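The structure that follows is given in the form of structure tokens.
Small disclaimer: the values here were computed from a predicted structure and weren't measured.
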Amino acid sequence: VIGLGVMAYLHNAYQARMIAPMPQGQNRAGTETERQNLNPDYLKCHDERVGQVQKMLDEGVIDQRKLVEFQDRAIATCAGQFPPGG
């Protein structure tokens, strides 16, 4: 249950960052302070998968609408494989 709560929190925090511009130096998985409290395997998976999806957008393979959908799936996949809370 705690894992689901963490996943929901991360998803909501992520969605908020997708709508508002992200300050320099801040990662989609949270601020550096927030990231320190997350499972390193989750962070590695998250950064790789979200980066792959961003590359698809940059290359014109997907549009902005699909970006959100694909990133949500990537984050959910990583959270399922590596619970963010450790």
Side-chain angles (χ1 to χ4, degrees):
V1 175
I2 292 174
L4 292 175
V6 170
M7 195 164 84
Y9 167 79
L10 289 171
H11 175 74
N12 290 338
Y14 169 76
Q15 290 293 56
R17 287 187 175 88
M18 284 300 298
I19 295 167
M22 199 177 342
Q24 270 301 38
Q26 197 170 9
N27 186 286
R28 292 190 200 289
T31 64
E32 286 306 313
T33 302
E34 291 168 337
R35 289 174 60 89
Q36 290 174 5
N37 296 320
L38 296 175
N39 179 346
D41 292 327
Y42 167 79
L43 289 173
K44 182 176 187 266
C45 179
H46 172 281
D47 293 346
E48 288 174 3
R49 288 184 179 260
V50 169
Q52 291 167 348
V53 173
Q54 182 62 48
K55 183 177 177 184
M56 291 171 66
L57 176 71
D58 295 344
E59 293 175 349
V61 175
I62 60 173
D63 60 19
Q64 190 69 34
R65 184 179 52 83
K66 286 290 185 186
L67 173 75
V68 173
E69 180 183 330
F70 283 28
Q71 285 183 336
D72 285 350
R73 281 192 215 155
I75 291 168
T77 298
C78 292
Q81 292 175 346
F82 308 104

#### Entry: Those residues that, when tested against Asp58, pass side chain to side chain donor-acceptor pair (under 3.5 Å) (two or more places apart)
Gln54

### Message
Test of understanding: with side-chain contact (heavy atoms from CB on, under 4.5 Å), list the residues that count as partners of Gln36, not counting sequence neighbours.
### Response
none

#### Entry: Nearest heavy-atom neighbours spanning Leu57 and Ile62
CD1-O, 3.4 Å

### Task
Identify, with sequence neighbours excluded, every residue that meets salt bridge (charged side-chain N to carboxylate O under 4.0 Å, His left out) alongside Glu69.
Lys66, Arg73

### Summary
Applying side chain to side chain donor-acceptor pair (under 3.5 Å) to Lys44 and not counting sequence neighbours gives Glu48

### Task
Check Tyr42 against Phe82 and note the closest heavy-atom contact, atom names and distance.
CB-O, 3.3 Å

### Summary
For residues 38-68, the disulfide bond (SG atoms under 2.5 Å apart) pairs (sequence neighbours left out) are Cys45-Cys78

### Query
What's the shortest heavy-atom distance between Ile75 and His46, and which atoms?
CG1-CD2, 3.7 Å

